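A short write-up of the structure that comes next.
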Amino acid sequence: MAPRRPRAAGAIPKLVERAASHPAEPGELYAALDLGTNSCRMLIARPKGDQFQVVDSFSKAVQLGQGLEASGRLSRSSMARTVQALQICRRKIETHGVKRMRLVATEACRRAGNARDFIRYVRRETGLPLEIIPPEEEARLAVISCASLVNPRSEQVLVVDIGGGSTELVWIDISRVPPPDRPRSIMRLSGGFDQPEGEIPQARVVDWISVPLGVATLKDQFGDVEDDAARFALMSWFFEEKLADFTPYASGTPQEGFQVIGTSGTVTTVAACHLNLKRYDRNRVDGLTMTSTEIDAVIRSFLMLGPEGRRADPRIGRDRHTLIMSGAAILQALMRVWPTDKMSVADRGLREGLLYAQMAEDGVIEEMKPIEGEMK
């Protein structure tokens, strides 16, 4: 069965080696930029065996989609904020002498009536070749970025990417793929979800969907609901309703051999709060397995804090405190409807998928080795 287009409207081998900045070394550098509804984020990296090493990075909440829900257009102020951030990215690209890059925009630009004007504005002010990618490519890049977190014992995998303006869900059947080859087979989906059958069994995308609700757009939908707990419950049920056309939601799937991988700032924030990290540590968060009980406990603690408490909580962060409950509502809905009590946490996504895809195309990164161990 070929995957359907959504009715409505992120592979890195092993762990990515990250650091705020590395001195330059020989070898071509690659850049990947993800301009979403809420954030502008970029990585500059070099290939390193079957991994890549991050040389420099940038992340800023630009709120590009602010007001988009009401007007259908990107506002002048949000475009100006975004261009300022992109100018910083341009300087970093120039400083490092990056020649190979992919700079993409997602849901906010897909929906905005003046998106093409914005792309021209960016090109004029920064010289950067920003492009708008379709939902399927965004979902595909998120999937391949998470390939190394797929356990060889998993037979069904759901990859969830909660963004600012949309949430991508991809359901993958790898039951026919030999267990040692399962992570590698998912990486091969970089060429497209509808892969032709070959002699070697490969991952099959049962279905995928792009729900036009992310942490920013879902928050805007219920901004007029004053009660914190009521707003959270409404957001969660509203998001679940949007899954009605997603084939696996209707049919259900046995729990055995089923793995959910969540990638987003919401998922990593919940994981960091579960670990009670005073300072975020990617090495402890990326690849962590959380139970639904642990996720629910963190979300309940967010609700008990209330808006002011969340604003003051250093674990959540000032850039995320207004969006964490809409993200948590999406996360709770997903854990409520799928037949599993665990989620694998991925601190990776679109940027990492963009980097891997470029490096794989150039043949400068080795093929991923299968991970060892059992499903926890």
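Keep in mind that what you see is a predicted model, and the values were worked out from it rather than measured.
- L68 and M79 sit in two unconnected hydrophobic clusters of ILVMFWY residues. Membership requires side-chain heavy atoms under 4.5 Å apart, directly or through other members.
- Taking a cutoff of 4.0 Å between a charged side-chain nitrogen and a carboxylate oxygen, D34 and R351 do not qualify as a salt bridge.
- Distance alone, capped at 3.5 Å, places no donor-acceptor pair between the S344 side chain and the I261 backbone.
- Closest approach of L33 to C40, counting heavy atoms only: CD1-SG, 4.2 Å.
- Taking the side-chain contact (heavy atoms from CB on, under 4.5 Å) definition, one finds that K92 meets it with M42, I44, D56, F58, I88, sequence neighbours left out.
- I172 contributes atom CD1, which lies 5.5 Å from atom CG of L189 (distance to the nearest 0.5 angstrom).
- No single ILVMFWY cluster, assembled from side-chain heavy atoms under 4.5 Å apart, contains both I295 and W237.
- Listed for the R310 side chain is no donor-acceptor partner under 3.5 Å among the backbone atoms of I316.
- The two residues A108 and T37 come nearest to each other via the heavy atoms N-OG1, 3.5 Å.
- When every heavy atom of L218 is checked against every heavy atom of A329, the shortest pair comes out as CD2-CB, 4.4 Å.
- For the salt bridge (Lys or Arg N to Asp or Glu O under 4.0 Å) condition, the pairs that include at least one residue of residues 322-336, sequence neighbours left out, are E240-R336.
- What you find for A272 and Y280 is that their closest heavy atoms are CB-CD1, 3.9 Å.
- For the pair F239 and I162, the minimum side-chain heavy-atom distance is 4.5 Å or more.
- Residues G306 and D228 share a closest heavy-atom pair of CA-OD2, 4.1 Å.
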### Query
Do Q87 and V83 pass the side chain to side chain contact (heavy atoms under 4.5 Å, CB included) test, and can you show the C-alpha distance, the side-chain angles, and the key distance before you say yes or no?
CA-CA 6 Å; Q87 286 170 337; V83 165; 4.0 Å; yes
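- Side-chain atoms of T269 and V298, non-hydrogen and from C-beta on, never get closer than 4.5 Å to each other.
- Looking only at side-chain heavy atoms (C-beta outward), V160 and L331 stay at 4.5 Å or farther from each other.
- Checking side-chain atoms of R182 against main-chain N and O of S154 turns up a donor-acceptor pair under 3.5 Å.
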### Task
Kindly indicate, with the supporting measurements, whether the criterion side chain to side chain contact (heavy atoms under 4.5 Å, CB included) is fulfilled by R176 and R204.
CA-CA 9 Å; R176 296 176 55 215; R204 181 176 68 90; 5.9 Å; no
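- The structure places CG of N38 at 9.0 Å from NZ of K219, a figure rounded to the nearest 0.5 Å.
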Side-chain polar contacts of residues 117-134 - donor-acceptor pairs under 3.5 angstrom, sequence neighbours left out - could you list them?
unit_1, atom_1, unit_2, atom_2, d
D117, OD1, R120, NH2, 2.3
T126, OG1, V122, O, 2.6
T126, OG1, L128, N, 3.1
E131, OE1, R102, NH2, 3.2
E131, OE2, R102, NE, 2.6

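- Using a distance-only test at 3.5 Å, with no hydrogens or angles considered, no donor-acceptor pair links the side chain of S236 to the main chain of F232.
- Grouping the Ile, Leu, Val, Met, Phe, Trp and Tyr side chains by contacts below 4.5 angstrom, directly or via other members, places V337 with V270.
- Atom CD of residue E294 and atom OG1 of residue T289 lie 9.5 Å apart, to the nearest 0.5 angstrom.
- Within the 4.5 Å cutoff, the side chain of P135 has heavy atoms near those of the W208 side chain.
- With rounding to the nearest 0.5 angstrom, the OG1 atom of T217 is 7.5 Å from the CD atom of Q221.
- Between Q259 and R153 the shortest side-chain heavy-atom distance does not fall below 4.5 Å.
- Side-chain atoms of R348 do not come within 3.5 Å of backbone N or O of C146 as any donor-acceptor pair.
- Taking the six-membered ring where tryptophan is involved, the planes of F258 and W171 are essentially parallel, since the angle between them stays under 30° and well short of 60°.
- Counting heavy atoms from C-beta on, the side chains of L213 and K242 come closer than 4.5 Å.
- Applying the side-chain contact (heavy atoms from CB on, under 4.5 Å) test to D281 and every residue at least two apart in sequence or in another chain returns L277, N283, R284.
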### Message
Under the criterion side chain to side chain contact (heavy atoms under 4.5 Å, CB included), I'd like the reasoning laid out for L158 against F246: C-alpha separation, chi angles, the key distance, then a yes or no.
### Response
CA-CA 12 Å; L158 174 66; F246 190 43; 4.1 Å; yes
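- M304 and M235 sit in two unconnected hydrophobic clusters of ILVMFWY residues. Membership requires side-chain heavy atoms under 4.5 Å apart, directly or through other members.
- The backbone N or O of D347 sits less than 3.5 Å from a side-chain atom of D286, completing a donor-acceptor pair.
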### Query
Yes or no on side chain to side chain donor-acceptor pair (under 3.5 Å) for S185 and Q202, after CA distance, side-chain angles and deciding distance?
CA-CA 6 Å; S185 71; Q202 54 191 321; over 6 Å; no
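- Within the structure, salt bridge (Lys or Arg N to Asp or Glu O under 4.0 Å) pairs that include any residue of residues 353-362 comprise R100-E361, R100-D362 (at least two apart or interchain).
- Between the side chain of R46 and the main chain of L29, no donor-acceptor pair closer than 3.5 Å is present.
- A pairwise comparison of heavy atoms in V260 and K342 identifies CB-O, 4.0 Å as the closest pair.
- Counting heavy-atom neighbours within 6.0 Å of E94 CD, excluding the residue itself, gives a total above 12.
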### Query
Where do V215 and T266 land on the side chain to side chain contact (heavy atoms under 4.5 Å, CB included) test, with the steps shown first?
CA-CA 8 Å; V215 295; T266 295; 3.5 Å; yes
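- The backbone N or O of V211 sits nowhere less than 3.5 Å from a side-chain atom of T167 that would complete a donor-acceptor pair.
- Within the 4.5 Å cutoff, side-chain heavy atoms of V345 are placed close to those of V267.
- Applying the side chain to side chain donor-acceptor pair (under 3.5 Å) test to S301 and every residue at least two apart in sequence or in another chain returns nothing.
- Atoms OG and CG, from S145 and L350 in turn, are 8.0 Å apart once rounded to the nearest 0.5 Å.
- With respect to E107 and R110, a salt bridge is recorded, a charged nitrogen being found less than 4.0 Å from a carboxylate O.
- Atom CE of M187 and atom CG of D181 lie 12.0 Å apart (nearest 0.5 Å).
- Side-chain N or O atoms of T268 include one that pairs as donor or acceptor with a backbone N or O of S264 at under 3.5 Å.
- S78 contributes a side-chain N or O that, together with a main-chain N or O of S75, makes up a donor-acceptor pair within less than 3.5 Å.
- The closest side-chain heavy-atom distance from L243 to L169 is below 4.5 Å.
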